[in-house]
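We count ligands from 1, going down the list as the structure has it; atoms in each ligand are counted the same way. Here the structure is a predicted model, which is why all the values come from computation and not from measurement.
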Amino acid sequence: MEGRILDGKAMSEVILGRLDGEVKSLRRKGIVPKLVVIQVGDDPASTIYVNKKHKACLRLGIESEIKHLPEETRYEDLIDAIVKLNNDDSVHGILVQLPLPEHLSHKGVLEAVDPAKDVDGLNPYNHGKNLLGKECFQPATPRGIISLIESTKTELEGINAVVIGRSNIVGKPTAIMLLNRGCTVTVCHSKTRNLSDFTQKADLLIVAAGKPGLVKAHMVKNGAIVIDVGINRLEGGKIVGDVDFDEVRKKAAWITPVPGGVGPMTIASLMENTIRACREYA
Ligand code: NAP
């Protein structure tokens with residue numbers, strides 16, 4: 001039997017439909033939510049993601065500004081730009097598009113974003129609150145992943161969850177959010193030995209490595225929920241995830257497609273966070 005598709009596109013449409021009503025109601029009170037995305041440099045993948053965020057904002061009636069800074073922007077100038085936005089009352093959400101150019105990437109830029117406007121949930125303050133299981137802006141991709149998992153109505157307490165990937169934006173926060181829901185969590189990464197020893201025991205398998213074809217059917221437990229976060233562009237332009245979808249689907253109970261799984265949910269979660277930031281500010 002083939003696993004059921006966890007349709008992130010359809011689910012994100014439901015969320016965006018609800019948010020549309022919320023934005024209208026805020027606008028009726030004269031409040032216009034505003035998101036500013038800062039993009040440094042011209043990474044083509046980043047440009048695609050930034051434009052998707054912009055389009056989602058426009059669709060909902062959220063004011064959207066893309067602050068495009070040159071690749072060679074100095075650290076001090078980037079921080080100045082963020083501080084200006086922190087102090088601008090018309091701005092409710094600030095997102096620094098990652099990855100930043102090499103000379104900025106290890107400099108704690110995300111620390112500069114006001115935690116109350118940190119709709120990407122990547123400021124260490126929000127990371128810390130997420131770790132403690134407290135209310136906060138959670139990073140958009142992990143939040144989208146959790147919504148997809150919860151839509152299966154699976155009891156999460158006590159199940160074995162394996163997360164492949166330990167990045168600060170996907171793997172680690174997802175692992176923490178699953179731990180906070182009572183899963184027994186294992187985090188695997190590029191130094192993990194015998195990856196399949198772990199994945200074969202996973203009732204819930206989250207794959208966020210950015211390696212096409214990493215997870216094959218023999219690595220997956222029968223009846224598992226498989227969430228493929230990877231976005232990989234193959235030569236020729238086709239977009240695939242990290243999971244061998246056709247084969248793994250034959251064993252999984254649920255599986256996300258790529259595209260159309262986690263991607264749209266990331267955007268929907270960002271919109272949710274932006275509107276929440278606006279509501280809390282108003
Ligand atoms: P990242 O920062 O490059 O992290 C990748 C992680 O995977 C690292 O922890 C790495 O281990 C681990 N890894 C790499 N190769 C591995 C292997 N062969 N076996 C086990 N672990 C391995 O990437 P990211 O930002 O977390 O993103 C991961 C993927 O998700 C990418 O394809 C990205 O495009 C995609 N993504 C999708 C969305 C969405 O909305 N759908 C959002 C964000 C990211 P080490 O730490 O040891 O290097």
Taking the non-hydrogen atoms of Gly171, is any one of them nearer than 4.0 angstrom to ligand 1?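 No, Gly171 has no heavy atom closer than 4.0 Å to ligand 1.
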Taking only non-hydrogen atoms of Ala208, do any sit less than 4.0 angstrom from ligand 1?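 Per 4.0 Å heavy-atom rule, Ala208 contacts ligand 1.
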Restricting to non-hydrogen atoms, name the atom on Met11 and the atom on Ser147 that form the minimum distance, rounded to 0.1 Å.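 For Met11 versus Ser147, the nearest heavy atoms are CE-O, 3.2 Å.
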To check you understand the geometry: which heavy-atom pair defines the closest contact between Leu178 and Ala161, and what is its length?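 The pair with the smallest heavy-atom distance is CD1-CB, 4.0 Å.
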Option whose closest heavy atom lies nearest to [atom], chosen from [options]:
atom	options	answer
atom 17 (C) of ligand 1	Leu214, Leu270, Asp228	Leu214
atom 11 (O) of ligand 1	Ser269, Ala140, Ser190	Ser190
atom 19 (N) of ligand 1	His189, Lys211, Arg166, Met265	His189
atom 25 (O) of ligand 1	Thr256, Thr199, Asn232, Ile169	Ile169

Ring pair (Phe, Tyr, Trp, His ring centres under 6.0 Å) partners of residues 42-100, not counting sequence neighbours, each pair once: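 Checked against ring pair (Phe, Tyr, Trp, His ring centres under 6.0 Å) - neighbours excluded - the pairs reaching residues 42-100 are His92-Tyr281.
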For [X], atoms of ligand 1 separated by under 4.0 Å from a heavy atom:
X	value
Val170	26 (O), 43 (C), 44 (C)
Thr266	39 (C), 40 (O)
Gly263	40 (O), 41 (N)
Val229	30 (O), 35 (C), 36 (N), 37 (C), 41 (N)
Val262	41 (N)
Ile164	20 (C), 21 (N)

Polar proximity ligand 1 side, Ile231 side, N/O cut 3.5 Å exclusive: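 Yes; the residue has a nitrogen or oxygen that sits under 3.5 Å from a nitrogen or oxygen of the ligand.
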Any nitrogen or oxygen of Asp242 lying under 3.5 Å from a nitrogen or oxygen in ligand 1? Just yes or no.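 Such a contact does not occur with ligand 1.
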Which of these passes side chain to side chain contact (heavy atoms under 4.5 Å, CB included) with Ile206: Val226, Ile149, Ile164?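 One option only clears the test, and that one is Ile149.
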Give a yes or no on whether a salt bridge exists between [X] and [Y], defined as a side-chain N under 4.0 angstrom from a carboxylate O.
X	Y	value
Glu157	Arg181	no
Glu22	Arg18	yes
Glu65	Lys53	no
Lys84	Asp88	no

Among the clusters formed by ILVMFWY side chains lying less than 4.5 Å apart, do Val170 and Phe198 turn up in the same one?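 They do not share one cluster, since no chain of ILVMFWY contacts under 4.5 Å joins Val170 to Phe198.
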Same cluster or not: Val229 versus Trp254, using hydrophobic residues (I, L, V, M, F, W, Y) connected whenever any side-chain heavy atoms lie under 4.5 Å apart?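 Yes, same cluster.
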Which protein heavy atom lies closest to [atom], and at what distance to 0.1 Å?
atom	answer
atom 42 (C) of ligand 1	Thr141 OG1, 3.2 Å
atom 7 (O) of ligand 1	Ala209 CA, 3.2 Å
atom 24 (P) of ligand 1	Ser167 OG, 3.7 Å
atom 31 (C) of ligand 1	Gly210 CA, 3.6 Å

Determine, stepwise, if the pair Lys9 / Glu13 fulfils salt bridge (charged side-chain N to carboxylate O under 4.0 Å, His left out). CA-CA 6 Å; Lys9 180 90 186 90; Glu13 284 300 323; 3.3 Å; yes
Side chain or backbone of Thr192 under 4.0 Å from ligand 1, or both, or neither, by non-hydrogen atoms?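 Looking at Thr192 and ligand 1, no heavy atom falls under 4.0 Å.
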Is there a protein heavy atom at a distance of less than 4.0 Å from atom 3 (O) of ligand 1?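 Answer no: nothing from the protein, no heavy atom, is under 4.0 Å.
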Is Arg233 atom CZ crowded by more than 12 heavy atoms from other residues, nucleotides or ligands, each under 6.0 Å away?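 Incorrect, the count does not exceed 12.
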